[in-house]
Amino acid sequence: MLKTHSCGELRPSHEGDTVKLAGWVHRRRDHGGLIFIDLRDHDGLTQVVFNPKEAAEAYAVADVSRGEYVLQIEGTVARRPKGTVNPNLPTGEVEVRAHAVTILNEAKTPPFYIVGDSDVDELLRLKYRYLDLRRQRMHETMVMRHRVTKYIRDYLTERGFTEIETPILTAPTPEGARDYVVPSRVHPGRFYALPQSPQQMKQLLMVAGFERYFQIAHCLRDEDLRADRQPEHTQLDLEISFVSDEEDILGLTEELYYDLVQTITPHFKVLSHPFPRMTYEESVRRFGTDKPDLRFGLELVELTEVLRESEFTIFRQAVAQGGVVRAICVPGGAAFSRKQIDELTTFVQGYGAKGLVSLALLGEGGLDSLTQDEIRSPVAKYFTPEQVQVMARLAGANRGDMFLMVADRPDVANKGLDGLRREICRRLDLADPNTLAFAFVIEYPMFKWSETEERWVSSHHPFTSPREEDISLMDSDPGRVRSRAYDLVCNGWELFSGSIRIHRREVQEKVFDMLGIGPEEAQRRFGHMLEAFEYGAPPHAGIGAGIDRLMAILTGQDDIREVIAFPKTKSATDPLTGAPAEVTPEQLAELHIAVTEAEKETS
Ligand code: ASP
């Protein structure tokens, strides 16, 4: 090797040793006759000193070296003089006095600073991702990502799991997104799908008798991109046979996540362990969402009954039409300005809610003495102190607090209040960034009604088992059928989804039927699954867990692009390689594909 030690390795115990280091010029300082270079490699930084009196040739080379030049240095390890020790650097007690230096490669001036964590335009960062990844935060993130996946691999291997790869060129598997497809050259007009997940393969591996499977798998989904979505993401995909109930999976994964955090990021406080379990119904009722951030309160308050006969026409009408009145009660919210309330109203309207009604409780003393004058609201005259007292009791509110109310269809109200809850948390800084609030959400509805497709679709995916006692509801009231799906959520992110699977053919056929997949289509698309279930499929269950999301949480990032080595932009392009790119007419011809002029223009 060109080096005897890494740049993160040297300590006072190496004093007097002759060493060779190789790496990049991180910083170069000229200090009246001496040149100092902080040499950087994968492992860290070491200060190298060039003294023209001790090594004139080396000094001359250091003199012409610039940032990001690649150098090999030979020198002697010395303790740094008193007062120049850097306690923030693991190698901060020593320096290397250079005897010789070789420029292994020169470097152009990078388009942005590698040193520090300055804000750089993202397109530029992605175009020069190999330079961006040199920056300390990115470099550390990638190393930590490796530690996380290694921890998972070791943890599961010790518990009898086998890692098995599944194909990237495969047949479609429905996970609710569009497929990326790959045209077949040898089968004109036919296409492979890139896997939205290894769902079917892992179930088939259970039929194949592996019992405990996992894989760190790439999943590809063509969908609208958001901060927590990329065209391809990495999943911990896991499946177990012979589970008796949900707890078998929840218990295993609870310990995996808990132990992982304790080992890799022990500075986090895990809010509750065991992780709370709550039903989907409870989660939506309390937080308006199935991925609640449990680090702060601001739970939704159900006011529909109290305000059913409200003098306020908008509320009365909304309830009469089957809508709800729900609210968030903000402690100390009476201090919000008119402008802030207007902003929050516009914010909630962005989620489709018609409006937001504020009502603050002013004055001093117990609530029993609340007077009409102490109700501050644009619609205060429609509320009596008695009504407000009931509302306050429901919400546990006091004087100085403020209700923010939405009257709308239940789904719209929930969505708006969920968004509002997170926005208020952001504004009032209510969530501790060093706390992880894990929770399991269970008993998801089996089906949800798709307005656009006018049919029932799976809430999770079609291989999810319904609860045994709800199977009979499938014909009469599909919306009430509960599934055996579960999610792990943390700090408002969905960390994994999974379910107990169907393992009997007739149940699977029934579910396909509910989803509008008739026998012929079921046979054509999923015949292999139906058939496999007839060859002794064991009861089984599993999860697909987002590694990128986990990494974002553990590194305190809002966007998963920050934890992926080579992510795509928000419009699914890769500025580094230029993907997606055009292909040659010869390639298109071979693939039996014609691109129309109109398509070319819009791309
Ligand atoms: N395949 C599912 C997903 O990707 C996870 C699972 O059910 O295991 O969300």
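Start at 1 and go down the list; that is how both ligands and their atoms are numbered.
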Quiz item: In a check of salt bridge (charged side-chain N to carboxylate O under 4.0 Å, His left out) between Glu469 and each of Arg482, Arg484, Arg480, which one passes?
Solution: Arg482
Flag the pair [X] and [Y] as a salt bridge only when some basic side-chain nitrogen lies within less than 4.0 angstrom of an acidic carboxylate oxygen.
| X | Y | value |
| --- | --- | --- |
| Asp237 | Lys202 | yes |
| Asp132 | Arg135 | yes |
| Lys510 | Asp475 | yes |

Quiz item: In this structure, which one of Asp408, Val301, Asn414 forms a side chain to side chain contact (heavy atoms under 4.5 Å, CB included) with Arg326?
Solution: Asn414
Atoms of ligand 1 less than 4.0 Å from [X] heavy atoms?
| X | result |
| --- | --- |
| Ser197 | 1 (N), 4 (O) |
| Lys202 | 6 (C), 8 (O) |
| Arg501 | 6 (C), 7 (O), 8 (O) |
| Gly498 | 6 (C), 7 (O) |
| Gly544 | 5 (C), 6 (C), 8 (O) |

Quiz item: Short N/O distance, under 3.5 Å, between Gln196 and ligand 1?
Solution: no
Quiz item: Is the closest N or O pair between Glu239 and ligand 1 shorter than 3.5 Å?
Solution: no
Quiz prompt | Within 6.0 Å of CZ in Arg178, more than 12 heavy atoms from elsewhere | solution = no
Practice problem: Return the option from His460, His461, Arg221 holding the heavy atom at the smallest distance from atom 4 (O) of ligand 1. | Solution: Arg221
Quiz item: When you measure from atom 1 (N) of ligand 1 to each heavy atom in Gln235, Glu494, Glu175, which option holds the nearest one?
Solution: Glu175
Quiz item: Do the side chain of Arg422 and the main chain of Leu417 share a donor and acceptor less than 3.5 angstrom apart?
Solution: no
Exercise. For ligand 1, note which part of Gln203 has a heavy atom under 4.0 Å away: side chain, backbone, both or neither.
Key: neither
